[in-house]
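First comes the structure, then the notes that go with it.
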Amino acid sequence: MGPSYRLFVCLLLWGSLELCNPRSVWHDESQHLMPSKPPAVMVECQEDQLVVTVSKDLFGTGKLIRPADLTLGPDSCEPLFSVDTDTVVRFEVGLHACGNSVRVTEDALVYSTFLFHDPRPVGNLSILRTNRAEVPIECRYPRQGNVSSWAILPTWVPFRTTMFSEEKLVFSLRLMEENWSTEKTTPTFQLGDRAHLQAQVHTGSHVPLRVFVDHCVATLTPDWNTSPYHTIVDFHGCLVDGLTDASSAFKAPRPRPETLQFTVDVFHFANDSRNTIYITCHLKVTPVDQVPDQISKACSFSKSSNRWSPVEGPVDICRCCNKGSCGVSGSSRRLRHLEGQSVPRSRRHVTEEADVTVGPLIFLGKTRDHSVEGSTSSPPSVMLGLGLATVVSLTLATILLGFTGKRRAASHPVCPVSASQ
């Protein structure tokens, strides 16, 4: 086959990995050549075997994988023995072993296989903290000429970018207790209470993300496009419900970048007898290292200072909340949806944003008010009912007595008395 050569493989899988970059970096002329960070997976194509070296920090998140969760090829070949102090896992297999496939092209022999990462729960646990991964591996041997030992530079899109656009995230919107420590067990409120809402995104092995509440509306049904409705958050993160007599606001600082908490003063729709509402919020994420802007922000209005303030980021990103001119269009997401305009592709991307509904929120105060009104009006109603019952009873008694008197008179006739001579 000739001299061996190395092939660095950038991973295309469902986890978070750093881009393989075999190029070297010079700091200055006086320093030695400083190699860049080694790739998570490295393949060495030798004359009669391939050697695969896998970093235990496979996803680049600091969470180490277990060697037992790694196999190579369709035949599930196991890695070489490694101790806990090792930072890598190694495979050494023949070119035709482990179910490797081979094909012949015009200028090369191509051996292909796959590295599998299939995590399994540890002990009695039923949870996983890493993703399943399938890494394509390929070795090319030229059919003519010499084999170079230089690494092949990747030509595909950097993995971090690919993963960000393909991995699906899990969004949630929950009602919390006042201390924010646990989820609220019952969705009941008195009018005048505050609802504590927590928006969150589960990132898994994803790169660090920050979640935002882009838009929120309250409706009488889970369908947020129905009427009547009340807008709580609008204009890409402006909590407009706080502009009224309410004290609704985002909680600052955040507990974590992937969590955003806010309060909403409980209310009901005045012209509807139902005592329940649903709150639907449009959530989205940005990389945690991206500075918040007018499109991605969380702004609350303070009545004491009469100005908007962000949870994080520059203060001026909230100025657009006064005029509702945040972003390019300057109109709310709900209005664009109802008008039938097309939503930009970035807003349709299911992996970066989602609509989440919480509810129903049940208001005990509204039902109680009706019962109180009924109890205050009951005494006059009872008196009127008793009066009518008395009149009806007396009338029936009079009619009954009259009818009885007539029957007695008919059963005892008076005979005429004749006078004797």
Side-chain angles (χ1 to χ4, degrees), residues 1-20 22 38-61 63-123 125-143 147-149 151-152 154-156 159 162-163 166-167 204-205:
M1 288 286 182
S4 64
Y5 74 97
R6 288 191 175 98
L7 172 64
F8 293 89
V9 179
C10 288
L11 307 184
L12 300 175
L13 45 88
W14 309 306
S16 177
L17 298 175
E18 297 294 337
L19 174 64
C20 299
V41 174
M42 185 174 67
V43 178
E44 183 178 359
C45 303
Q46 299 181 356
E47 289 184 357
D48 59 349
Q49 69 176 0
L50 57 90
V51 179
V52 181
T53 304
V54 185
S55 171
K56 287 187 177 180
D57 188 10
L58 180 62
F59 298 97
T61 60
K63 298 178 181 179
L64 304 184
I65 62 172
R66 297 187 305 160
D69 294 337
L70 291 175
T71 57
L72 187 68
D75 295 343
S76 301
C77 291
E78 297 180 354
L80 300 177
F81 176 80
S82 63
V83 295
D84 293 338
T85 56
D86 294 340
T87 59
V88 296
V89 180
R90 288 173 58 88
F91 292 84
E92 293 182 7
V93 299
L95 293 177
H96 297 276
C98 301
N100 299 345
S101 62
V102 59
R103 71 179 188 274
V104 181
T105 65
E106 182 177 351
D107 55 357
L109 295 175
V110 182
Y111 292 86
S112 302
T113 187
F114 289 88
L115 174 69
F116 293 96
H117 175 248
D118 190 12
R120 287 161 290 184
V122 180
L125 298 178
S126 59
I127 62 173
L128 296 174
R129 300 188 185 276
T130 55
N131 291 334
R132 186 182 182 275
E134 181 176 320
V135 185
I137 294 177
E138 190 175 273
C139 283
R140 290 177 173 268
Y141 295 89
R143 298 178 63 185
V147 178
S148 173
S149 61
I152 298 177
T155 58
W156 46 78
F159 173 76
T162 304
M163 176 276 306
E166 292 182 358
E167 182 178 358
S205 299

Quick test of your reading of the model: are Arg90 and Glu44 salt-bridged, counting only N-O distances below 4.0 Å? no
Closest heavy-atom contact between Thr113 and Pro74? OG1-CD, 4.2 Å
Note, Leu50 side chain near Leu72 side chain (heavy atom, < 4.5 Å): yes
Heavy atoms of His117 and Pro119 approach each other most closely as O-CD, 3.5 Å
Residues passing the side chain to side chain contact (heavy atoms under 4.5 Å, CB included) test with Phe116, sequence neighbours excluded, are Thr71, Phe114, Arg132, Glu134
Of all the heavy-atom pairs spanning Val88 and Ser55, show the shortest one and how long it is. CG1-CA, 4.2 Å
Go through the steps to decide whether Lys56 and Thr87 satisfy the test side-chain contact (heavy atoms from CB on, under 4.5 Å), and finish with yes or no. CA-CA 6 Å; Lys56 287 187 177 180; Thr87 59; 5.7 Å; no
Compare every heavy atom of Val93 with every heavy atom of Asn100, then report the nearest pair and how far apart it is. ND2-CG2, 4.4 Å
Could I get the full list of side chain to side chain contact (heavy atoms under 4.5 Å, CB included) partners for Ser101, not counting sequence neighbours? Ser112
So Arg66 and Arg120, do their side chains get closer than 4.5 Å, heavy atoms only? yes
Are Asp69 and Asp118 packed together at the side-chain level, in the sense that at least one heavy-atom pair is separated by less than 4.5 angstrom? no
With sequence neighbours left out, the residues meeting side chain to side chain contact (heavy atoms under 4.5 Å, CB included) with Val102 are Tyr111
Output all residues satisfying side-chain hydrogen bond (donor to acceptor under 3.5 Å, both in side chains) with Glu78, sequence neighbours left out; order by chain, then residue number. none
CG (Leu95) and OH (Tyr141) are apart, to the nearest 0.5 Å, by 4.5 Å
Distance (rounded to the nearest 0.5 Å) between Leu115 CG and Cys98 SG: 11.0 Å
